Each structure stands twice: as C-alpha cells, then as structure tokens.
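These notes are about the structure you will find just below.
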2 protein chains.
Amino acid sequence: MGVTRDDVARLAGVSPATVSYVVNNGPRPVSAAARARVLAAIEELGYSPHAIARSLKTQRTESAGIIIADMLNPYLASVAQAAHDELLQQGYSLLVANSSESPARELMWLKFMRSRRVDGLILEPTGDNLPFLKRLAGPGHPPQLVLIDRAIPELEADTVLLDNVGGARAAVRHLIDLGHRRIALLGLPHEMSPGGERLEGYKLALRAAGLPIDAALIFEGTFVADEASEMVSRLLNVRPAPTAVFASSNRLARGVLQQIKVRRLRMPDDIALAVFDDVDYFEWMTPSITAVEVSGVALGQQAVDYLHDRLTGAYGGPPRLLRIPYRLHVRESTLGMGESAV
Amino acid sequence: MGVTRDDVARLAGVSPATVSYVVNNGPRPVSAAARARVLAAIEELGYSPHAIARSLKTQRTESAGIIIADMLNPYLASVAQAAHDELLQQGYSLLVANSSESPARELMWLKFMRSRRVDGLILEPTGDNLPFLKRLAGPGHPPQLVLIDRAIPELEADTVLLDNVGGARAAVRHLIDLGHRRIALLGLPHEMSPGGERLEGYKLALRAAGLPIDAALIFEGTFVADEASEMVSRLLNVRPAPTAVFASSNRLARGVLQQIKVRRLRMPDDIALAVFDDVDYFEWMTPSITAVEVSGVALGQQAVDYLHDRLTGAYGGPPRLLRIPYRLHVRESTLGMGESAV
DNA sequence: CTGAAAGCGCTTACAG
DNA sequence: CTGAAAGCGCTTACAG
C-alpha cells in the first residue's frame with residue numbers, strides 16, 4: 001500500500017520504534033496515550049505491517065510448505081486441508097505445491113521453499129532427490145522437515161505413515177472370509193512404501209489363510225488414472241477368473257468401476273471389490289463400496305504436531321515414526337445388497 | 001542455512017554485487033572467470049538466495065494467494081490446482097487458504113495476504129467484507145484482485161464466473177423434454193450469485209415450457225453437507241411428489257444419493273436426478289448421474305490470465321467479466337439404464 | 001567489467 | 001516510558 005511504519009510514526013508524533021511496540025504488543029510497554037495515537041494513525045492511514053520486512057529481521061517466516069503429489073486426490077486434499085487448519089491455529093500460513101510425482105518438479109519446489117525460508121516443510125516424497133533432502137533436513141536449521149505417506153529410511157526426519165499393511169490385510173482377510181479364493185491385487189508401484197506395504201498386507205492375508213500367492217493375479221500400477229482401466233481389463237481376463245479385487249487406491253478403484261460399467265458386470269456377484277482409501281461417494285453408491293478408511297485429517301494434523309514440537313523446541317529427540325490406524329467399512333460391493341445394513 | 005551472499009563473495013574473491021549479478025543473470029554482464037568462481041563458491045557453500053530479502057528490495061514477492069470456501073470440494077480443488085499450475089508457469093507460487101464460508105476467517109486471510117504482500121489475489125468471496133475489499137482492490141497498488149465464482153458488482157475487479165443460468169436451464173430443460181412436470185430445485189443460498197442464477201435458470205426453463213413455478217418444490221440450502229440429506233427428505237415428501245430433482249451442487253447431490261439409498265428408490269423410475277457440477281464418479285456409478293460440467297481448470301486458468309495481464313501491464317482497462325461455458329452430460333439418472341450410450 | 005554504498009521496512013539492544 | 005541507530009540479506013544506481 002506504500003504506507004510504512006515511519007508514516008504512522010510521523011502522524012502519531014512518536015518514534016518508529018514505538019509504532020513497532022504497539023503493533024507487536026511488546027516486548028516493551030507503551031503509554032496509553034501514545035498507544036492511542038498510534039492506533040488512530042494506523043486506522044487513518046490504513047497501515048498494514050510488512051510481514052516480509054519483519055521476517056527478514058526476525059529470521060522466521062511463520063509459514064510452512066506442503067508438497068504433495070496431487071491435490072485433486074481427495075485423500076491428499078484432506079491432508080492439506082487439515083494441515084492448513086491446524087497450522088492456522090498456530091499462526092502459520094501454508095504454501096501448497098504439487099509435485100505431480102515428478103522428481104524434477106519436486107526438486108524445484110524444494111528449492112523454492114528453501115529460498116522462501118519456510119519454517120517447516122511437510123513432504124510426500126517422490127522418493128528421489130535424496131542427496132538434496134539430506135542437506136536440506138540437517139538438524140537445527142530450517143526448514144524443519146516432516147515426511148508423510150511414504151517412508152525414506154535414509155533420512156533423519158519425523159515421519160507419519162498409514163497402517164498400510166494392516167489395512168490391506170484386513171480388507172483381503174474380509175474377502176477370504178466371504179469365501180473368495182482368487183483375489184486380484186491392483187497395486188501401486190511396489191518400490192514405494194505404500195505400494196509395497198499394501199502388497200505385503202495382501203500376501204500376509206493369503207498366507208494366513210493358507211492360500212497360494214498367484215503372480216498372475218498381482219498387478220502393479222502407476223499413478224496415472226487412465227492406465228487403471230486398461231489394467232483392470234487385463235485383470236478381468238485372467239483365467240481362472242478372479243472373483244474379487246482389492247484396489248490399492250481410490251484412483252485404481254475408479255478403473256474397476258469403469259470396467260464394471262463397460263462390461264455390465266454386477267458387484268459382488270460377478271466380481272467383489274474392496275478399496276484402500278475411502279471416498280465419500282462410496283457409501284452412497286449402489287452398490288456401496290467396501291473400503292479401508294484412513295484419515296487424511298489425522299495424518300495432516302499429526303504432521304503439523306510433529307512440526308510444531310520441533311519448531312517450539314518441545315521435542316528435540318531422534319526422528320519419530322507414527323502410523324495412522326485404518327478402519328474397514330464393509331459395504332455392498334463385497335457383502336451383496338440384501339445383507340446391507342444401511 | 002545461514003550462508004549469505006557475502007560469504008559467497010568472500011570465497012569467490014569478488015564483491016557481493018557480482019554475486020547478485022551472477023545469481024540473477026544480470027542486469028549487467030559478469031566476466032566468465034568471475035562467474036565460474038561464483039558458481040563454484042555457491043555450490044561449495046550450498047548457498048540459497050534469500051527470496052524474502054530479495055522481495056523487500058524489489059517490492060515484488062512473485063507470489064499470489066487464493067482464498068476459496070473449501071478445498072475439499074473437488075470443483076474448488078480443481079480451480080486451485082489449475083491456478084497453481086498456471087502460476088507456476090509464470091514463476092509465481094501460490095498461497096492457498098480456506099475461508100470455510102466464514103466472513104471473519106475471510107477477513108483474517110485477506111489481511112494476512114496483504115501483510116505478505118502477495119502480488120495477486122484470487123478470491124471466491126463470501127459476500128461480506130465489502131469495505132475492506134474496496135480499499136484493498138484500489139487500482140494500481142497490489143494486490144491485484146480477481147474474483148471467481150461469485151460476483152460482487154460493487155467491486156471494480158476482474159471476475160470469472162460460471163454460466164450458471166445457462167447450465168441450470170439446460171439441465172431442467174432436459175428433464176422437461178423427458179416428460180417431467182414436477183421438478184424440484186435443491187438450491188444454494190439464493191442471495192449469492194451462483195444460487196440465485198441457478199434458480200433463475202430453473203425458472204427460465206419452466207417458463208419457456210409453460211410450466212408453473214411451484215414454491216413448494218423450491219428448496220434453498222446452505223453449504224453444510226449434512227443439511228442436504230434432511231432437506232431432500234422433506235423434498236421427497238411433498239405431495240404431489242416431484243418426479244425429478246435438479247441439485248445445484250455436488251454437495252447437494254450427495255444428499256439426494258443418500259436419501260435414495262435409505263429409501264431404496266430407483267433412479268430415474270422413482271425419481272430422476274440432474275446435478276450442477278460434474279464429479280468423476282458420476283460417470284461410473286450405476287446409474288450414472290446426469291450432470292452439468294463446468295471446468296474448474298478453465299476457471300482457474302482464466303483467473304490467472306486476468307491476474308497476469310494486470311501484473312504485466314498487458315491490460316489496464318476497466319474490469320472484465322467472463323463466464324465459463326457449461327456442458328451437459330446426459331446419463332442414466334435421467335435417461336434410464338437401457339438407453340444409456342456408455 | 002567491477003566495487004562501495006544507499007536503502008527496501010522492519011526489530012530490538014543500547015542509551016537515556 | 002521513549003528515541004536514535006544498527007542490521008536482517010538483498011538490488012541497483014553511482015562511480016570508476
């Protein structure tokens with residue numbers, strides 16, 4: 001706006017320092033008379049303190065960044081939203097960025113966040129850029145790094161993950177309990193921790209039931225939505241045919257729904273479906289979709305809490321790791337319409 | 001990180017100014033030898049230019065803000081994502097904030113964005129805070145304001161809206177063409193432009209067909225999702241019963257799906273449904289849902305283009321207003337399963 | 001092609 | 001309770 005602290009000081013007839021003390025409510029007292037004159041001058045001029053200049057002096061920006069793969073994914077959107085709300089409570093703002101699963105873009109954003117001197121950084125890592133991250137996340141100096149969703153064991157950083165193994169195992173066990181013996185896995189890339197761990201949960205459930213692990217039923221997908229449908233198409237053509245599918249993400253589930261529609265199949269009679277990651281619509285679709293719910297809100301809040309502990313010095317110990325629990329919602333896509341408890 | 005331009009200058013054996021000229025590639029030439037020494041020193045020290053300090057001097061932050069009602073709404077998420085991507089192209093970062101439909105929270109964010117000196121601000125306004133916005137959006141000084149989704153005629157600002165009237169009219173006309181005579185409207189708050197305009201489109205379609213406008217069939221909702229289901233419940237109890245519903249938002253549509261599920265109704269036989277705002281799942285549900293698609297991506301990009309024009313001085317004229325066109329996707333929730341063209 | 005220096009708008013120790 | 005002043009890390013006109 002062009003109006004600075006000095007303008008306010010001049011109009012109020014005090015020193016610039018006094019204006020600062022009024023604006024910041026401290027750290028030293030200001031007489032009631034001077035305060036009143038300053039506040040009146042601020043009002044009259046429409047003065048807005050320059051947060052950028054303040055940051056330069058204080059060496060804190062009161063801001064955090066979050067880099068996620070895709071804010072259109074409702075799960076990640078809820079993580080970002082929760083982080084946003086939680087940070088707001090603590091007086092921080094949030095810079096949201098999309099890596100789009102691209103390591104190059106991730107690196108660009110990492111550099112950007114560093115140049116903007118964010119106090120904290122929440123990262124859903126692509127898995128690359130390890131050397132850069134190691135330098136960035138050195139202890140003591142900002143930004144304070146918290147990893148979410150995907151583990152990077154080589155990095156000394158607080159991490160919040162999902163209980164991928166538990167959730168996948170529970171979903172597949174549920175399918176087995178219903179009598180399914182040929183259960184296909186629609187997986188995320190196995191080399192990343194969510195993909196690998198959901199695959200592991202799938203295998204554990206089969207093994208526990210004494211069922212064979214058939215490589216022909218295991219499909220490894222990418223994050224690209226369009227590929228899902230084609231992959232499901234191949235999956236449905238396997239013989240003997242699978243009677244159930246466990247989809248490792250809501251994106252992959254969409255591919256299943258798409259093929260079911262195109263082929264005019266019925267759930268669960270022709271094929272049963274269970275999904276990792278619940279979406280609002282799953283509950284109100286017909287048939288409703290059985291899904292493992294993992295709270296993006298809980299994950300986002302936890303990440304901010306970890307950040308906050310470090311930033312305030314409330315915690316200074318070794319890296320922490322926490323897993324957000326899952327909840328299995330059994331619905332009509334596995335149970336059938338008649339038995340539904342809606 | 002603590003390492004500053006002066007550290008680099010010292011190690012490279014040049015003046016601090018020369019470091020700046022290398023980092024910024026100008027505005028004056030640097031000898032190849034000096035450049036090489038500077039680059040080596042930057043690499044060795046891990047120097048990261050301090051964007052905050054730079055902003056203070058240049059008076060530009062190369063950042064923009066967006067304040068939307070709710071980033072969990074897939075439509076608004078796509079707007080934010082598109083704005084993010086478009087700004088990225090132009091070297092800007094984006095600060096995302098949620099007003100949650102709260103004027104107080106909106107005001108807080110407006111002040112925050114101003115104090116952070118964002119160059120541009122994209123706002124989906126709650127409708128309040130007009131005096132503050134008027135001062136904020138004075139011509140010439142930052143932040144440059146662009147309104148989205150909701151008009152505020154009293155404000156001199158570029159605005160990007162949806163073709164609410166056209167989209168609603170097309171959907172209701174489609175229902176009329178199928179023979180429906182009692183069509184209920186599930187509306188957004190009428191006093192805001194999207195709610196009012198979608199209501200107007202509904203009325204226009206009825207009038208054009210010579211049908212009466214029955215106040216008993218018009219429901220005015222809020223943005224709270226939970227209320228939708230209860231409102232739909234009342235709607236379905238109107239006698240004579242409506243044979244079709246036009247839902248003015250994806251949130252409201254969820255309430256319809258919920259009641260349809262609870263009451264075990266069939267679409268479109270018991271009740272037909274058309275929705276303003278398409279959601280990915282609508283296409284793959286059974287029955288698939290007829291919806292008016294409005295591109296959040298187009299809206300986000302257009303908002304950024306408006307911003308960019310102003311920021312670069314490419315446009316300096318009077319406020320502009322643009323409406324994003326709609327597209328009606330006719331699906332099974334109105335057409336029936338047999339006739340579907342999937 | 002290069003350096004010394006002013007200044008962006010603040011905070012806060014120093015001195016009264 | 002208050003003011004004058006140093007300094008945060010940069011950019012860029014000024015002078016050579």
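Here the structure is a predicted model, which is why all the values come from computation and not from measurement. Letters A, B, ... are given to chains in the order of the sequence lines, protein chains preceding strands, and every chain is numbered from 1.
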Note: Glu106(A)-Arg150(A) ion pair, threshold 4.0 Å (strictly below):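 Looking at Arg150(A) together with Glu106(A), the answer is no, because their closest N to O distance does not fall below 4.0 Å.
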Residues Arg310(A) and Asp305(A) bridged, charged N to O under 4.0 Å: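 Not counted as a salt bridge, because no side-chain N and carboxylate O are separated by less than 4.0 Å.
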At less than 4.0 Å, is any side-chain N or O atom of [X] found next to OP1 or OP2 of [N]? Yes or no.
| X | N | value |
| --- | --- | --- |
| Gln59(B) | dG7(C) | no |
| Tyr47(B) | dC10(D) | yes |
| Thr58(A) | dC8(D) | no |

Exam field: side chain Ser115(B) to backbone Pro49(A), donor-acceptor pair closer than 3.5 Å: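 Not a single qualifying donor-acceptor pair exists.
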Nearest-angstrom distance, P atom, dT2(D) to dA6(D):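 Their P atoms lie roughly 23 Å apart.
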Rounded distance in Å between the P positions of dG16(C) and dT12(C):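 It works out to 22 Å between them.
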Once you round it to whole Å, what is the distance between [atom2] of [N] and [atom1] of [X]?
| X | N | atom1 | atom2 | result |
| --- | --- | --- | --- | --- |
| His50(B) | dG7(D) | NE2 | P | 17 Å |
| Tyr21(A) | dT2(D) | OH | P | 11 Å |
| Glu62(B) | dC10(D) | CD | P | 15 Å |
| Arg35(B) | dC1(C) | CZ | P | 10 Å |
| Arg117(B) | dC10(C) | CZ | C1' | 11 Å |
| Arg60(B) | dT12(D) | CZ | C1' | 16 Å |
| Asn25(B) | dC10(D) | CG | P | 16 Å |
| Arg54(B) | dC10(C) | CZ | P | 20 Å |

5' precedence on DNA chain C between Thr4(A) and Ala17(A) (nearest-nucleotide basis):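 This one resolves to Thr4(A).
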Of Leu56(B) and Val14(B), the one whose closest DNA chain C nucleotide lies more 5':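 This one resolves to Val14(B).
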Distance-only polar pair, side chains of Gln81(A) and Asp70(B), donor-acceptor under 3.5 Å: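 Side chains of Gln81(A) and Asp70(B): pair found under 3.5 Å.
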Distance-only polar pair, side chains of Ser93(B) and Arg116(A), donor-acceptor under 3.5 Å: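 Yes, Arg116(A) and Ser93(B) have a side-chain donor paired with an acceptor closer than 3.5 Å.
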Residue Ser31(A), side-chain atoms from C-beta onward, closest of dC10(D), dT2(D), dT12(C):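 The closest nucleotide is dT2(D).
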Sugar-phosphate, base or nothing in reach of Ala34(B), heavy atoms under 4.0 Å: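 Here Ala34(B) touches the backbone only, sparing every base.
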Side-chain donor/acceptor contact of Lys57(A) with base of dG9(C) under 3.5 Å: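 Side chain to base: no pair present.
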side-chain contact (heavy atoms from CB on, under 4.5 Å), paired with Pro143(A), selected from Thr61(A), Leu110(A), Asp119(A), Leu136(A):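 With Pro143(A) as partner, side-chain contact (heavy atoms from CB on, under 4.5 Å) holds for just one option, Leu136(A).
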Minimum heavy-atom distance Ala9(A)-Ser15(A), with the two atoms named: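 The answer is CB-C, 3.7 Å.
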Nearest atoms (heavy-atom pairs only) where Tyr47(B) meets Thr4(B):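 In terms of heavy atoms, the two residues are closest at CE1-C, 3.6 Å.
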Stems involving DNA chain C, each a run of at least 3 consecutive Watson-Crick or G-U pairs under 3.5 Å: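 So the stems come out as C:1-3 with D:14-16, C:5-12 with D:5-12, C:14-16 with D:1-3.
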